[in-house]
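For reference, the structure discussed in these notes is given below.
The sequence lines fix the lettering, A, B, ..., with proteins before strands; numbering per chain opens at 1. What you see below is based on every heavy atom in this structure, not just the backbone, and it leaves out hydrogens, waters and symmetry mates.
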Protein chains: 2
Amino acid sequence: MPKPAPTATPSRPCPPGAAKPAAPAKARATIADVALAAQVSKATVSRYLNGRTDILTPDMAKRVQEAIASLQYRPSPMAQALKHGRTRLIGLAVADVTNPFSVAVLQGAEKACQAAGYLLVLFNLGNEAGRERDAMHALSAYQLDGMILNRVDTSAQLWQDAQLHGKPIVLVDRFQEGLDADFVTVDNPGVVQIAMDHLQQQGFDEVLLVTEPIADVSSRTARQQAFARYIQSQAPTMQGSVWESTADGASALQQHLQHWQQQAQQAGRRPAVLAGNAVASLRVATAVHALGWVPGRELGIIGVDETDWAALVGPGLSTVAQPTDALGQAAATCLIERIQGLQSPARTVELPGTIIVRGSTKSPSN
Amino acid sequence: MPKPAPTATPSRPCPPGAAKPAAPAKARATIADVALAAQVSKATVSRYLNGRTDILTPDMAKRVQEAIASLQYRPSPMAQALKHGRTRLIGLAVADVTNPFSVAVLQGAEKACQAAGYLLVLFNLGNEAGRERDAMHALSAYQLDGMILNRVDTSAQLWQDAQLHGKPIVLVDRFQEGLDADFVTVDNPGVVQIAMDHLQQQGFDEVLLVTEPIADVSSRTARQQAFARYIQSQAPTMQGSVWESTADGASALQQHLQHWQQQAQQAGRRPAVLAGNAVASLRVATAVHALGWVPGRELGIIGVDETDWAALVGPGLSTVAQPTDALGQAAATCLIERIQGLQSPARTVELPGTIIVRGSTKSPSN
DNA sequence: TTGTAAGCGTTATCAT
DNA sequence: ATGATAACGCTTACAA
């Protein structure tokens with residue numbers, strides 16, 4: 001006599017009087033339950049679910065539909081996956097959730113996935129190469145339908161695993177040589193061009209590119225190369241140099257900045273820093289702050305990636321914003337197309353950046 | 001004659017002599033493949049996998065182990081889930097990924113999950129109540145083993161769904177009245193106490209609490225109540241007031257700040273803002289910036305939640321940091337314990353915050 | 001100690 | 001048009 005259920009008490013705020021402490025939580029309804037309730041076969045229910053309503057007697061359809069409603073039935077994606085290998089799960093592996101760029105892309109991807117009825121599974125690689133392996137394992141183990149990938153270590157080649165099981169992959173922001181996958185990225189040369197044009201226009205002629213370690217990260221390489229090329233071919237009077245900044249290199253960066261700025265001024269040049277991404281921007285801003293400088297006064301600053309706080313430091317930090325939302329959406333869309341069978345050769349989607357001018361690059365003459 | 005199995009060729013690396021050009025990406029090895037290769041039954045393989053090595057002949061164990069290795073076999077979590085209902089998947093639903101607090105908690109949770117062999121599935125609710133439903137549906141549909149929840153809308157009660165299927169839930173940061181679930185949170189009264197003590201010590205006696213709309217969010221309520229109580233009982237000479245700030249209320253906030261500050265000064269009081277979380281801090285900092293003020297000069301500022309940029313604005317923003325990583329880990333740990341069958345009554349884990357003093361609350365007399 | 005077989009919730013191939 | 005029935009990859013009584 002587990003539950004007499006007196007009709008007099010409809011609202012039961014969890015009465016503590018039960019003998020068995022926890023009711024075993026009745027299981028989800030299955031297709032068999034529906035079939036039983038509707039007095040039809042499982043096959044019929046399945047057909048109804050898969051939209052084959054054209055070959056169903058209205059009567060049957062109605063019965064099934066009612067049974068489904070009354071039982072609150074929802075098909076089990078796991079069981080479906082077991083059958084035909086598709087889970088409607090998409091993996092998104094980001095190098096570092098801490099980077100606002102990753103989060104912004106995530107949001108874009110989320111939209112597209114949601115719209116297409118896919119669920120997004122996040123893998124935060126935390127910049128550790130090892131976790132990338134785990135993510136790829138999960139891709140095949142959990143039968144994810146595909147993966148959006150922001151690679152941590154472009155040198156390693158663990159593609160075998162993934163490719164072998166025929167799961168499509170889309171690369172974001174970081175390209176992988178020799179992998180047959182769509183690639184979604186901001187137009188890196190364009191971004192650098194925009195930033196440099198602006199700096200030049202504002203009269204800066206000594207530019208330091210501060211970037212996270214370039215290593216094998218394609219986006220960093222692309223920006224660095226565009227930077228070098230720009231100075232060489234479009235700004236012969238400019239001086240350019242590069243500083244690779246690491247997490248524990250705060251004081252080194254600060255010292256270098258001080259030196260470099262001093263030299264520039266002594267040479268009668270106007271110095272500006274171009275930060276390669278949001279992380280670099282934060283480091284530069286921190287160093288500048290520590291030196292007691294004001295962005296736009298001792299030096300110009302412009303950073304790739306718009307951030308929450310860009311407007312708040314000093315007179316505001318100029319930035320070149322990436323179209324993060326569009327990048328995320330494009331990546332997800334590409335992937336979903338592949339999942340749905342698209343067979344065209346690997347595509348590259350390249351989206352433009354947008355400059356946001358603030359006080360840190362105002363020419364002092366103004 | 002499915003398998004003559006010539007003992008001479010134990011290892012067959014997929015000879016490329018097939019007629020069909022593009023290999024359809026050979027499927028993952030299954031337990032049957034392993035059984036076949038090892039010349040044992042599927043049951044034996046299963047037993048090996050489940051650690052029942054004690055009842056296995058060393059010989060068998062070795063054969064199985066070799067077959068697994070050579071086939072690169074990994075059991076399918078989906079199939080396992082179908083069998084016994086556990087997926088080793090944990091859901092984490094955060095109100096808003098854009099909030100650094102959420103990301104920080106995510107990282108903590110990730111650690112604990114990874115350590116225990118669980119995969120974390122992220123649901124970004126984007127502050128939309130509707131998406132919470134979706135997340136709960138996914139919880140049962142994908143048979144996630146449990147869910148860590150940072151509720152968006154505490155007024156709605158969609159608990160039926162989840163509870164019914166007996167999946168454990170852990171609440172983070174936001175409490176849900178009448179739900180039998182563990183709850184992990186920072187010590188909100190303590191956080192407010194720390195902040196207010198500091199303000200009082202620095203000679204501020206007119207404090208404005210700027211918070212996101214309190215509505216039904218327990219953490220905001222808790223902070224607000226602690227704020228009111230503090231002033232009433234521990235700082236009789238202090239004046240306190242509250243401002244609820246919304247995303248589109250930037251100019252309203254700015255105006256109010258201006259008014260309020262003016263009044264305070266005219267009354268000979270020293271004004272300070274206590275921002276209720278990182279989002280509120282950003283809004284306050286933005287308004288202050290727009291007014292041309294400097295934190296610590298026209299007013300004191302202290303915010304709950306440490307952020308990347310706190311050190312950078314003006315002389316630095318004082319904050320009370322939440323132990324985000326520990327919160328995430330605690331939440332995941334609690335959940336995993338529940339998943340593994342722990343039956344104790346709902347627990348509350350309350351972790352202390354830590355003050356970080358910067359220029360925005362330095363008393364001008366110093 | 002090991003193998004056989006049933007079943008988890010679906011879908012798909014047959015008959016009917 | 002509908003219903004048995006056999007998979008999908010795995011675990012687990014139950015037999016041997």
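In this entry the distance linking CE of A:M60 with P of D:dA1 reads 12 Å, nearest Å. If you take NZ of B:K62 and P of C:dT1, they are 18 Å apart, rounded to a whole angstrom. Spacing between atom CG of B:L71 and atom P of D:dC10 amounts to 12 Å, rounded to whole angstrom units. Rounded to whole Å, the distance from OH on B:Y73 to C1' on D:dC10 is 7 Å. Rounded to a whole Å, the CD atom of B:Q143 is 9 Å from the C1' atom of C:dG9. A:D59 places its CG atom 11 Å from the P atom of D:dG3, with the value rounded to the nearest Å. Straight-line distance from the CZ atom of A:R63 to the P atom of D:dA1: 16 Å, rounded to whole Å. Atom CG of B:L82 and atom C1' of C:dT10 are 8 Å apart (whole Å).
Between the CD atom of B:Q72 and the CG atom of B:D33 there is a distance of 13.0 Å, given to the nearest 0.5 Å. Of the inter-residue distances, the one linking A:L120 atom CG with A:K111 atom NZ reads 13.5 Å to the nearest 0.5 angstrom. Taking OG of B:S76 as the reference point, atom OH of A:Y142 lies at 9.5 Å (rounded to 0.5 Å).
Listed by residue number, B:S41, B:A43, B:T44, B:R47 are the residues of residues 41-53 of chain B with a heavy-atom contact under 4.0 Å to DNA chain C.
Each of A:A32 and B:T57 lies near DNA chain C, and the nucleotide nearest B:T57 is the one positioned closer to the 5' end.
Salt-bridge check for B:E128 with B:R133: failed, with every basic side-chain N at 4.0 Å or more from each acidic carboxylate O. Using a 4.0 Å cut-off between a side-chain N of Lys or Arg and a carboxylate O of Asp or Glu, B:R338 and B:D182 qualify as a salt bridge. A salt bridge does not link A:E66 with A:R63: every distance from a Lys NZ or Arg NE/NH1/NH2 to an Asp or Glu carboxylate oxygen is 4.0 Å or more.
Proximity of a side-chain donor or acceptor of A:T53 to a complementary backbone N or O of A:Y48 within less than 3.5 Å is not detected.
Nearest to the side-chain atoms of A:K83 among the listed nucleotides C:dT2, D:dA1, C:dT10 stands C:dT10. Comparing D:dT11, C:dT10, D:dG9 against the side chain of B:S76 picks out D:dG9 as the nearest. When distances run from any side-chain atom of A:V40 to the nucleotides D:dG9, D:dG3, C:dT10, the shortest one goes to D:dG3. Closest contact between the side chain of B:A79 and the listed nucleotides C:dT11, D:dG9, D:dT2 involves D:dG9.
Between A:T30 and C:dC8, a side-chain N or O to OP1/OP2 separation shorter than 4.0 Å is absent. Listed pair B:Q80 / D:dG9 fails the phosphate criterion, with no side-chain N or O lying under 4.0 Å from OP1 or OP2. Contact annotation: B:Y142 does not reach the phosphate of C:dG9 (side-chain N/O to OP1 or OP2, under 4.0 Å).
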